[in-house]
2 protein chains.
Amino acid sequence: MNQKDQVCQYKLLASRDALEVIQGKWRIPIIIALTHGTKRFGEIQRDISDISPKMLSQELKALEMNKIVKRTLHDTMPVTTEYSLTPLGESMTNLLNEILNWGIHFREEVLKRDN
Amino acid sequence: MNQKDQVCQYKLLASRDALEVIQGKWRIPIIIALTHGTKRFGEIQRDISDISPKMLSQELKALEMNKIVKRTLHDTMPVTTEYSLTPLGESMTNLLNEILNWGIHFREEVLKRDN
DNA sequence: GTAACTACTTACTCAGAGGTAACTACTATA
DNA sequence: TATAGTAGTTACCTCTGAGTAAGTAGTTAC
């Protein structure tokens, strides 16, 4: 294996770690919603209008386990739950921006021409 | 809907376009493999050692349809097929780098501590 | 008292993502 | 003649990501 191949193998490994966290229809949208500040369950649900409570609950749990999202219970009446990004979650800002930039670029280059 | 919400909605829209192209276990690894230059079917298969020919063929077709990858047939003996990135595919460089950077960061922050 | 809001959970269902194995067709080499 | 390499295709199977619908439990407003 030459050096170029080794670099390629290393990149493939690192990308898999990131993909495991990113993968799925809802994780990135949830994280994007939370980059605009702390939000409650219902607020995220309203931002991402077509997510079901089941999926939102499930994906928030997964993100919490991966230490991307922090869940805070407030002992108010009625009990409210707040979700926010952890420092690790906030470290995704650059990644999210690149996804957005490329998404816009892709839409301009391909989608508008074809459809 | 206030301005902050509008920005959030716009971001959610753009991210969905990008996610549709990126989504799946194999697309990003395939694109990363091709950032190291034009490669043949078997070479990509060797780089991504656990991909089956079926998945590789299927995902390459999808990437070709989205104009990320270009397929070139060479009339040699035996016939060889070469895959390379289109300019649109190459425009993913920043995105790929951020995925890699964050993957490395994530591994350092979470995986090493837990496991 | 009943409807609505908070934040979920549970059960059921289905499509499709992905895996395995075998097969095609052609060429080159031993 | 047989084995290996080129680049895939096809059939079949399994598992899980995601959707729907309904239920839970507490509070508040009408």
Side-chain angles (χ1 to χ4, degrees), chain A residues 1 5 12 15-34 37-66 68-85, chain B residues 12 15-34 37-66 68-85:
Chain A
M1 188 147 69
D5 285 343
L12 289 170
S15 73
R16 291 207 179 183
D17 292 336
L19 282 174
E20 258 183 47
V21 182
I22 286 172
Q23 214 58 267
K25 191 175 173 182
W26 300 115
R27 304 229 176 134
I28 294 285
I30 290 170
I31 296 167
I32 288 177
L34 290 177
T38 295
K39 282 186 176 159
R40 280 181 291 155
F41 191 89
E43 287 179 299
I44 305 173
Q45 211 182 174
R46 255 168 269 130
D47 281 346
I48 311 169
S49 53
D50 50 352
I51 194 170
S52 68
K54 181 200 130 181
M55 288 310 294
L56 181 53
S57 168
Q58 180 182 302
E59 298 302 293
L60 279 170
K61 264 181 203 154
L63 289 170
E64 206 190 335
M65 271 184 30
N66 281 324
I68 311 289
V69 160
K70 196 175 73 189
R71 186 172 183 269
T72 318
L73 271 172
H74 291 276
D75 195 10
T76 49
M77 292 291 169
V79 170
T80 52
T81 321
E82 278 191 342
Y83 295 91
S84 57
L85 294 181
Chain B
L12 288 171
S15 73
R16 292 209 177 180
D17 292 337
L19 281 174
E20 259 184 46
V21 182
I22 285 172
Q23 213 58 268
K25 191 175 174 182
W26 301 115
R27 304 228 176 134
I28 294 285
I30 290 170
I31 296 166
I32 289 176
L34 290 177
T38 295
K39 281 186 178 160
R40 279 179 291 154
F41 191 90
E43 286 179 301
I44 305 173
Q45 213 183 171
R46 255 167 270 131
D47 281 346
I48 311 169
S49 54
D50 51 351
I51 194 170
S52 68
K54 180 198 132 184
M55 289 310 295
L56 182 53
S57 168
Q58 181 182 303
E59 298 303 290
L60 279 170
K61 264 180 202 156
L63 289 170
E64 205 191 334
M65 270 183 31
N66 280 324
I68 311 288
V69 160
K70 196 175 71 186
R71 187 174 182 268
T72 319
L73 271 172
H74 292 277
D75 196 10
T76 50
M77 292 290 167
V79 171
T80 53
T81 321
E82 278 191 341
Y83 294 91
S84 57
L85 294 180

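FYI, side chains are in, hydrogens and waters are out, and symmetry mates aren't considered; it's all heavy atoms of this structure. Residue numbers begin at 1 in each chain, while the letters A, B, ... track the order of the sequences.
Here the shortest heavy-atom pairing between A:Leu34 and A:Tyr83 reads CD2-O, 3.4 Å. The heavy-atom pair separating B:Gln45 from B:Pro53 by the smallest distance is OE1-CD, 3.3 Å. Of all heavy-atom pairs spanning B:Pro29 and A:Leu19, the tightest one is CD-CD1, 3.8 Å.
Rounded to whole Å, the distance from NE2 on B:His74 to P on D:dG5 is 22 Å. Rounded to whole angstrom, the span from the CZ atom of B:Phe41 across to the C1' atom of C:dT24 amounts to 14 Å. Atom-to-atom, CD of B:Glu43 to P of D:dA7 comes out at 8 Å; the value is rounded to the nearest Å. Taking atom CZ of residue A:Arg71 and atom P of nucleotide C:dT6, one finds them 16 Å apart after rounding to whole Å. Counting to the nearest Å, the C1' atom of D:dG17 and the CD1 atom of A:Ile30 are 13 Å from each other. Rounded to an integer number of Å, the gap from NZ of A:Lys61 to C1' of C:dT10 is 11 Å. Distance CG (A:Leu73) to P (C:dA7): 10 Å, rounded to an integer number of Å. Look at CG on A:Leu56: it is 16 Å from C1' on D:dT20, rounded to the nearest Å.
With distances taken from any side-chain atom of A:Thr80 to the nucleotides C:dT20, D:dG8, C:dT6, the minimum falls on C:dT6.
Taken to the nearest 0.5 Å, the OG1 atom of A:Thr81 stands 10.0 Å off from the CG atom of A:Leu60. Rounding to the nearest 0.5 angstrom, the gap separating the CD1 atom in A:Ile22 from the CD atom in A:Glu20 is 11.0 Å. Summarising the geometry, atom CG belonging to A:Asp47 is positioned 10.5 Å from atom CG belonging to A:Leu56; distances are rounded to the nearest 0.5 Å.
In the interface, the side chain of A:Lys25 is not paired with the base of D:dG17 through any donor and acceptor atom under 3.5 Å apart. Remark: the A:Lys54 side chain and the D:dG19 base include a donor-acceptor N/O pair separated by less than 3.5 Å.
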With side chain to side chain contact (heavy atoms under 4.5 Å, CB included) as the criterion, how do A:Ile48 and B:Arg16 come out once you've worked through the C-alpha distance, each side chain's angles and the decisive distance to 0.1 Å? CA-CA 11 Å; A:Ile48 311 169; B:Arg16 292 209 177 180; 3.5 Å; yes
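Side-chain nitrogen and oxygen atoms of B:Arg46 include at least one within less than 4.0 Å of the OP1 or OP2 phosphate oxygen of D:dT6. A:Thr81 has a side-chain polar atom (N or O) that falls below the 4.0 Å cut-off from OP1 or OP2 of C:dC8. The phosphate of D:dG8 (OP1 or OP2) has no side-chain N or O of B:Ser57 nearer than 4.0 angstrom.
The strand DNA chain D forms stems, runs of 3 or more Watson-Crick or G-U wobble pairs with distances below 3.5 Å, at C:1-30 with D:1-30.
Positionally, the nearest nucleotide of DNA chain C for A:Arg40 lies more toward the 5' end than for the other of A:Arg40 and A:Gln23.
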